[in-house]
Asker: 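Take this structure first; my questions come after.
The structure displayed is predicted, hence computed values, not measured ones.
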Amino acid sequence: MYISSSAALSKPRFSASSISTTLSSSSSTTYYRPSCSSSCFFSNQQHRSLSFSSAVRSLRWNWKSPISLKAQIRTTATTPVLNSSHRKLSTMAAENPFKGILTVLPKPGGGEFGKYYSLPALNDPRIDKLPYSIRILLESAIRNCDNFQVKKEDVEKIIDWENTAPKLVEIPFKPARVLLQDFTGVPAVVDLACMRDAMNKLGSDSDKINPLVPVDLVIDHSVQVDVARSENAVQANMELEFQRNKERFAFLKWGSNAFHNMLVVPPGSGIVHQVNLEYLGRVVFNREGLLYPDSVVGTDSHTTMIDGLGVAGWGVGGIEAEATMLGQPMSMVLPGVVGFKLSGKLRSGVTATDLVLTVTQMLRKHGVVGKFVEFYGDGMSELSLADRATIANMSPEYGATMGFFPVDHVTLQYLKLTGRSDETVEMIEAYLRANKMFVDYDEPQHEKVYSSCLHLDLAGVEPCVSGPKRPHDRVPLKEMKSDWHSCLDNKVGFKGFAVPKDAQEKVVKFSFHGQDAELKHGSVVIAAITSCTNTSNPSVMLGAALVAKKACDLGLHIKPWVKTSLAPGSGVVTKYLLQSGLQKYLNQQGFHIVGYGCTTCIGNSGDLDESVASAISENDIVAAAVLSGNRNFEGRVHPLTRANYLASPPLVVAYALAGTVDIDFEKEPIGVGNDGKNVYFKDIWPSTEEIAEVVQSSVLPDMFKSTYEAITKGNNMWNQLSVPSSKLYSWDTSSTYIHEPPYFKDMTMDPPGPHGVKDAFCLLNFGDSITTDHISPAGSIHKDSPAAKYLTERGVDRRDFNSYGSRRGNDEIMARGTFANIRIVNKLLNGEVGPKTIHIPTGEKLSVFDAAMKYKSAGQDTIILAGAEYGSGSSRDWAAKGPMLLGVKAVIAKSFERIHRSNLVGMGIVPLCFKAGEDAETLGLTGHERYTIDLPEKISEIHPGQDVTVRTDTGKSFTCIVRFDTEVELAYFNHGGILPYVIRQLIQQ
């Protein structure tokens, strides 16, 4: 059953309280009330310290910063700097107008768990209809309401979600904590250190720069697969990791001591999102007797994995995370919620990976950018918590802000399995039930309202992979061979390589360490069981081990030139693989454990053997990687694997055994067994029952307890790092890892005000789907790149270049690596692929960095032209910081990815959208013009979503929509970015 809401909109409304993120004109919005609705949930466990010393433990909940949360302010563009009257108001804003609904939560045996803000005590029937994910926003607004940062009007907007969400209203949100990984964490800590210096130079108290909410930073992005197929791979790769990253690891350790309320989990512990799921996730906080739902924003887009545990979490840029750490409320558009009903049960042999790739394709087609997705239905009982986390993990791939699973009995069982105490789980359940945030499928379900609904019968999911260049390009396994041949035929694009017919069957023979070897188009050269998406799921990990065992039993072995690797997301995986007795079979197939981190999924795949690399590059072979990751954008996994397929861990092993993606598993044999007979896919594929039996006997609660007790102790290499105890960081000007950024150079207390763009040149002209992997420096540093030149000039040997990710703390290198992706397609180059551009005034073909510096030295502004989905992919602050350092003043695109657009604003870059039906091509723009963007000189005259005129020196003029989506973003722009804005705010308090 569904009921239409009277929410017709002819166009978006824009005001201080009504703003747009999509800016598309829709005629109506229909809200659905599913007959079987999901119920609201949020659970949280009491905080368990992960500190490495008693001193750090004491800081976790001793909020020693001189700035109180209540003293922070919510600002608008019309009041960019606090004046004395506002400061006076801030002292009046401490009392919560909802204090009357603060309620005691009693313990069953007597006493109390604590107090909480009771949603039922509001006696508002609209709350019963709210999706559970929206109830979390509501509770946060009520708890933080002081009629200053968060107003009663904001609370009313959320309660009236059914009517206000279609109007795209703005609300403040204060997450309970922040999650970082080291790639994004290093620049965040660099910025905090630099902000302390800026505060000091402006004569203020530098100790004001301290996290006001718990911050967890897990070092997991630095380990590379340098050594594979070896019993000693873990130790060897960790030693190399510390050799390359000792300086930045020491910097992070300094940060954990210098800043209050910050925990750093050392390298070798696991993948951030799996550690978050298994250990860091509180589900319900109990802070000094106040109970409230856990919520988190993280500087990695796959922070959404925690949504599978019933914790509201999503990815933001580093600059947004830093503001959250410093007590600034996030300004967000109250999202629509897509209800996703699950029914039925997965067929035997179908994995959670197959399910998530199917869900990703469905939601991508439906369109969920900027929305929450909430799962419900009878099929929920058939999904383990790990399966739910797999689906939630890939929210960025289907475009949603969250993929949310309300807390139910399955969640509670997982909390107990992973070592949360009985008392904590009891508190979580009691709180969530009392506050109508728990789903009990044994009880009648209240009807919920959703913006739209989808339905999936789990029985219809079939085995599949995704690729060869995008996560949402799903390919059913039975169609893989034909799809591969189509890709060879098709013109170069997301589904094409344009290999001539007469070259498609080419066979390249070479010698691999004295052994005869051969490669063809589609040959698998990397097979990696990697990534938080799957390594947190025992069913697919043990399923992969069973495939390896069956293959060993039949006499099948993976060719030695296939680079195989296994990188678990936590030490728990190693324990249950050993407990099951199956790790030895993975080892026999070359899937030795290489480390505990992200590895291949983020491009840390290490070098291919020189003989394999030469065979590929010298013969133009379209080689393949198969990985259990969540991203397969071109150039991400490895520069030499043009085809990259996402697959479940068992399928990774199967494709590695086959040695090619050019195979029909239903009809063609994988190999020949010991008995001389053909071995087929069905011969090595385990049933769901086989996997469940091994999971039941091998995955034990004590494994989680012992693993995470050990995590708090660090490891020898980490513990031996010596760091200073100073509160201000002593910058080393000779360092190529940590460098003081120029963001606050010549900063004064007066905001610079808005800037237009005059006679700007086009630095780059892009088509659709330019991702943050194209923009942001990632992967290895190419020997001929500007970054390599910079390092060489400073005496760094090529073998010590390390990756861009490991050098994110150095703005000089990151600026040089911006737009340095070898697969980037810039229309100014007329079909040539690579990190070059044309310097328009001279016609020279230069690296993007060199061209940008030439424009800057001449005092000339630059802009970027782009197509649809500009900035999709991982949340990377350097994808915004880099262009800013290159001198880019504006980006004009058909559409933006949510986080990236926000990050551009945060760095003072103007995001503009072409009008519907228009783009650079339809307007006849070549990128050789000069562009003037007419923005008002006063910030008060700029409004979210207003039209602005863009003129060119060729006489063309067209209208764009300025994508400042909230009044707060206008304030950031007025201050030259979010970080200067925060500094001025803190100084004024």
Asker: Side chains of Leu179 and Leu280, heavy atoms from C-beta outward: is any pair under 4.5 Å?
Answerer: yes
Asker: Side chains of Ser301 and Arg631 only: does a donor on one sit below 3.5 Å from an acceptor on the other?
Answerer: yes
Asker: Before accepting this row, confirm whether a basic side-chain N of the pair Asp207/Arg196 lies closer than 4.0 Å to the acidic partner's carboxylate O.
Answerer: yes
Asker: Measure from NZ or CZ of Arg799 to the centre of the six-membered ring of Phe801 and say whether it is under 6.0 Å with the direction within 45° of the ring axis.
Answerer: no
Asker: Test of understanding: with salt bridge (Lys or Arg N to Asp or Glu O under 4.0 Å), list the residues that count as partners of Asp784, not counting sequence neighbours.
Answerer: none
Asker: Please name all residues satisfying salt bridge (Lys or Arg N to Asp or Glu O under 4.0 Å) with Asp220, sequence neighbours left out, ordered by chain then number.
Answerer: none
Asker: Say whether Asn200 and Ser206, considering side chains only, have a donor N or O and an acceptor N or O under 3.5 Å apart.
Answerer: no
Asker: Testing the 3.5 Å rule here: is there a donor-acceptor pair between the side chains of Asn393 and His273?
Answerer: no
Asker: Go through the steps for Val178 and Val296 under the test side chain to side chain contact (heavy atoms under 4.5 Å, CB included), then give the verdict.
Answerer: CA-CA 5 Å; Val178 173; Val296 59; 5.7 Å; no
Asker: Take the angle between the ring planes of Phe251 and Trp254 and call it parallel below 30°, perpendicular above 60°, tilted in between.
Answerer: parallel
Asker: Find the distance between NZ (Lys789) and CD1 (Ile781) and round it off to the nearest 0.5 Å.
Answerer: 15.5 Å
Asker: What I'd like to find out is whether the side chain of Asn257 reaches to under 4.5 Å of the side chain of Val723, using heavy atoms alone.
Answerer: yes
Asker: Test Met747 against Arg984 for side chain to side chain contact (heavy atoms under 4.5 Å, CB included), laying out the working first.
Answerer: CA-CA 10 Å; Met747 179 181 169; Arg984 293 187 181 102; 3.7 Å; yes
Asker: Just wondering, do Leu415 and Leu309 contact through their side chains at under 4.5 Å, heavy atoms?
Answerer: yes
Asker: Is there a donor-acceptor pair closer than 3.5 Å between any side-chain N or O of Asp307 and the backbone N or O of Ala392?
Answerer: no
Asker: Is the closest side-chain heavy-atom distance between Leu721 and Phe242 below 4.5 Å?
Answerer: yes
Asker: Within the 3.5 Å criterion, strictly below it, is a donor on Thr299 or Gln181 matched to an acceptor on the partner's side chain?
Answerer: no
Asker: Any heavy-atom pair between the side chains of Ser605 and Val225 that's under 4.5 Å?
Answerer: no
Asker: I'd like to know if the side chain of Asp226 reaches the main chain of Gly606, judged simply by a donor and an acceptor atom lying under 3.5 Å from each other, with no hydrogens or angles considered.
Answerer: no
Asker: Regarding Asn245 and Tyr737, is there a side-chain donor-to-acceptor distance under 3.5 Å anywhere?
Answerer: no
Asker: Working to the nearest 0.5 angstrom, can you tell me the gap between Ser806 OG and Arg244 CZ?
Answerer: 8.0 Å
Asker: State whether a side-chain donor-acceptor pair under 3.5 Å links Gln224 with Thr599.
Answerer: no
Asker: Measure the CG-CD1 distance between Asn232 and Ile593 for me, rounded to the nearest 0.5 Å.
Answerer: 13.0 Å
Asker: Just verifying a value: how many Å separate His638 NE2 and Leu627 CG, rounded to the nearest 0.5 Å?
Answerer: 13.0 Å
Asker: Would you say Lys563's side chain and Arg229's backbone share a donor-acceptor pair under 3.5 angstrom?
Answerer: no
Asker: Can a salt bridge be assigned to the pair Asp811 and Arg816 using a cut-off of 4.0 Å between side-chain N and carboxylate O?
Answerer: no
Asker: Could you measure the distance from the OH atom of Tyr292 to the CG atom of Asn144? Nearest 0.5 Å is fine.
Answerer: 9.0 Å
Asker: Side chains of Thr418 and Arg420: donor-acceptor distance under 3.5 Å anywhere?
Answerer: yes
Asker: Asp197 and Trp731: side-chain hydrogen bond (donor to acceptor under 3.5 Å, both in side chains), yes or no, with the steps?
Answerer: CA-CA 11 Å; Asp197 288 345; Trp731 304 97; 2.6 Å; yes
Asker: Testing the 3.5 Å rule here: is there a donor-acceptor pair between the side chains of Thr707 and Lys575?
Answerer: yes
Asker: Do Glu278 and Tyr708 pair up side chain to side chain, a donor and an acceptor below 3.5 Å, judged on atom types alone?
Answerer: yes
Asker: Is there a donor-acceptor pair closer than 3.5 Å between any side-chain N or O of Ser785 and the backbone N or O of Ala788?
Answerer: yes
Asker: With sequence neighbours excluded, give me every salt bridge (charged side-chain N to carboxylate O under 4.0 Å, His left out) pair touching residues 246-267.
Answerer: Asp182-Arg248
Asker: For residues Met541 and Tyr576, determine if any side-chain heavy atom of one lies less than 4.5 Å from a side-chain heavy atom of the other.
Answerer: yes
Asker: Keeping the roles fixed (side chain from Arg807, backbone from Ile813), state whether a donor-acceptor pair exists under 3.5 Å.
Answerer: no
Asker: Look at the side chain of Lys705 and the backbone N and O of Gly419, then say whether any donor-acceptor pair between them is shorter than 3.5 Å.
Answerer: no
Asker: Please determine which of Val594, Thr574, Leu577 meets the side chain to side chain contact (heavy atoms under 4.5 Å, CB included) test together with Leu566.
Answerer: Leu577
Asker: Taking the side chain as C-beta and beyond, is there a heavy-atom pair between Met325 and Leu192 under 4.5 Å?
Answerer: yes
Asker: Would you say the side-chain atoms of His774 and Asn821 include a donor-acceptor pair closer than 3.5 Å?
Answerer: no
Asker: Can you give me the closest heavy-atom contact between Ser735 and Ile738, atom names plus distance?
Answerer: OG-N, 3.0 Å
Asker: For the backbone of Val213 and the side chain of Asn261, can you confirm whether one donor and one acceptor N or O come within less than 3.5 Å of each other?
Answerer: yes
Asker: Test side chain to side chain contact (heavy atoms under 4.5 Å, CB included) on Leu212 and Leu326; report intermediate values, then the result.
Answerer: CA-CA 6 Å; Leu212 294 177; Leu326 296 170; 5.8 Å; no
Asker: Can you name the closest pair of heavy atoms from Ala815 and Leu886 and give their distance?
Answerer: O-CD2, 3.5 Å
Asker: Testing the basics here: between Leu277 and Ala389, what is the closest heavy-atom pair and its distance to 0.1 Å?
Answerer: CD2-CB, 3.8 Å
Asker: Ignoring hydrogens and angles, tell me if any N or O in the side chain of Arg798 forms a donor-acceptor pair with the backbone of Thr792 under 3.5 Å.
Answerer: no
Asker: Any non-hydrogen side-chain atom of Tyr743 less than 4.5 Å from a side-chain atom of Pro980?
Answerer: no
Asker: Can you spot which of Thr324, Val297, Asn276 makes a side chain to side chain contact (heavy atoms under 4.5 Å, CB included) with Arg177?
Answerer: Asn276
Asker: Run the ring-ring contact (aromatic ring centres under 6.0 Å, His included) test on Trp314 and Phe173 for me, step by step, so that the C-alpha distance in whole Å, both residues' side-chain angles and the decisive distance to 0.1 Å come before the verdict.
Answerer: CA-CA 12 Å; Trp314 59 85; Phe173 177 57; 5.5 Å; yes
Asker: Would you say the side chains of Gln235 and Glu239 form a donor-acceptor pair under 3.5 Å?
Answerer: yes
Asker: May I ask you to check whether Ser734 and Asp732 show a side-chain donor-acceptor distance below 3.5 Å?
Answerer: yes
Asker: Of the non-hydrogen atoms in Leu217 and Leu252, which two are nearest, and what is the gap between them?
Answerer: CD1-CD2, 3.8 Å
Asker: Taking 4.0 angstrom as the limit, do Asp191 and Lys881 come out as a salt bridge?
Answerer: yes
Asker: Between Asn604 (side chain) and Thr600 (backbone), is there a donor-acceptor pair under 3.5 Å?
Answerer: no
Asker: Any idea which heavy atoms bring Tyr804 and Ala820 closest together, and the distance?
Answerer: OH-CB, 4.1 Å
Asker: So which atom in Asn715 and which in Pro267 form the shortest heavy-atom distance, rounded to 0.1 Å?
Answerer: ND2-O, 2.9 Å
